[in-house]
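Keep in mind the model is a prediction, meaning the values are calculated, not measured.
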Amino acid sequence: PAMDCAGRAEAAAEQLRLYRGDPDGWRVCRSTVGPGAAGAAAARAVRFRFVHRRYRGEGVLPASPRDVWECIKPVAGGLRTKWDQNVKDFEVIEAISDTVSICRTTTPSACMRIISPREFVDVVVMKQYEDGTVLSAATNVEHPLCPPQPNFVRGFNYPCGCFCIPVPGKPDRTELLTFFQTDLGGYLPQTVVDSFFPSSISGFYSNLTKAVKALKA
């Protein structure tokens, strides 16, 4: 039911808010520095339905929160599929409200095709806070219009998303704080999974930096 999905979305957003306020216990697993570099990824092991890792990415992007949000907002026909190499297709299956929707995302193969194409079905919520921060949060959900598709392995996102945070005194800068915790599904060596996410998050920041620069050009 729609109310259950909306409740799951709100719970995911609250979980991300708690992650944001808890900077302790993270271990840096990849960092990029230098001209145009905008991201660092940290990981911490957690126990959930299964043992997996929760990843936190952070960086400052050379664009306003409005421009960054334009590139990452989870809407039909959005820009994400154009710049994010890990998003092949994104579709809204059902709009529950102006801020909550059920979405299906497909990803291409990765790691020299060791990771085959995946699909994810999530409930997504968009929120704006008083300080100008904008959040997109998501978590997995089942939906009758989205049975598992052939040629894709069904993966599962647990509370994940992005905070676009204004930088005081710098209207053309945005702090982007991201959280990823994903069960890729299927049968993958843990070493492949552990190497995929840090490099994937680093690529997310570098490709997004290029996208916001192109948007401003």
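Residues F120 and T182 have side chains in contact (heavy-atom distance under 4.5 Å, counting atoms from C-beta outward). Using a 4.5 Å cut-off on side-chain heavy atoms (C-beta onward), L176 and F204 make contact. Annotation: side chain of V141 is in contact with side chain of V121 (closest heavy-atom distance under 4.5 Å). Proximity of S109 to I115: side-chain heavy atoms (C-beta onward) are nowhere separated by under 4.5 Å. At least one side-chain heavy atom of W69 sits under 4.5 Å from a side-chain heavy atom of S136. In this structure, the side chains of T139 and Q15 stay at 4.5 Å or more apart for every pair of heavy atoms. V192 places a side-chain heavy atom less than 4.5 Å from the side chain of P189. Using a 4.5 Å heavy-atom threshold, the side chains of E10 and K127 count as touching.
Considering all non-hydrogen atoms of both residues, T107 and F152 come closest at O-CE2, 4.4 Å. Here the closest non-hydrogen pair linking F90 and C103 is CZ-SG, 3.4 Å. Nearest heavy atom pair, residue A63 against residue V212, reads CB-CB, 3.7 Å. Nearest approach of A138 to D122, heavy atoms of both residues: CB-CB, 4.1 Å. Taking every heavy atom of both residues into account, A13 and V125 meet most closely at CB-CG1, 4.0 Å. Taking each heavy atom of T174 and S64 in turn, the nearest pair found is OG1-C, 2.9 Å.
Sparse packing is recorded around CD of E142, with 12 or fewer heavy atoms of other residues, nucleotides or ligands lying under 6.0 Å away. For D131, the CG atom sits in a packed shell: over 12 heavy atoms of surrounding residues, nucleotides or ligands are nearer than 6.0 Å.
Pairs of residues two or more places apart, or lying in two chains, that qualify as salt bridge (Lys or Arg N to Asp or Glu O under 4.0 Å) and include a residue from residues 145-172 are E119-R154.
Applying salt bridge (charged side-chain N to carboxylate O under 4.0 Å, His left out) to D84 and the options R80, K82, K88 leaves one that passes, R80.
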Taking it one step at a time, do Y55 and W26 satisfy ring-ring contact (aromatic ring centres under 6.0 Å, His included)? CA-CA 9 Å; Y55 290 92; W26 299 92; 8.6 Å; no
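Atom-to-atom distance recorded for C160:SG and F179:CZ is 11.0 Å, nearest 0.5 angstrom. Note that CZ of R118 is 12.5 Å distant from CG of N157, once rounded to the nearest 0.5 Å.
For the pair R20 and F163, the distance from NZ or CZ to the six-membered ring centre is under 6.0 Å and the angle to the ring normal is within 45 degrees.
Side-chain contact annotation: Y19 with Q181, donor-acceptor N/O pair under 3.5 Å present.
Checking side-chain atoms of S199 against main-chain N and O of S195 turns up a donor-acceptor pair under 3.5 Å.
Comment: R56 engages E58 in a salt bridge, judged by a side-chain N to carboxylate O separation of less than 4.0 angstrom.
Each of V75 and V124 belongs to its own hydrophobic cluster when Ile, Leu, Val, Met, Phe, Trp and Tyr are linked at side-chain heavy-atom distances under 4.5 angstrom.
The salt bridge (Lys or Arg N to Asp or Glu O under 4.0 Å) search around K73 returns E70, not counting sequence neighbours.
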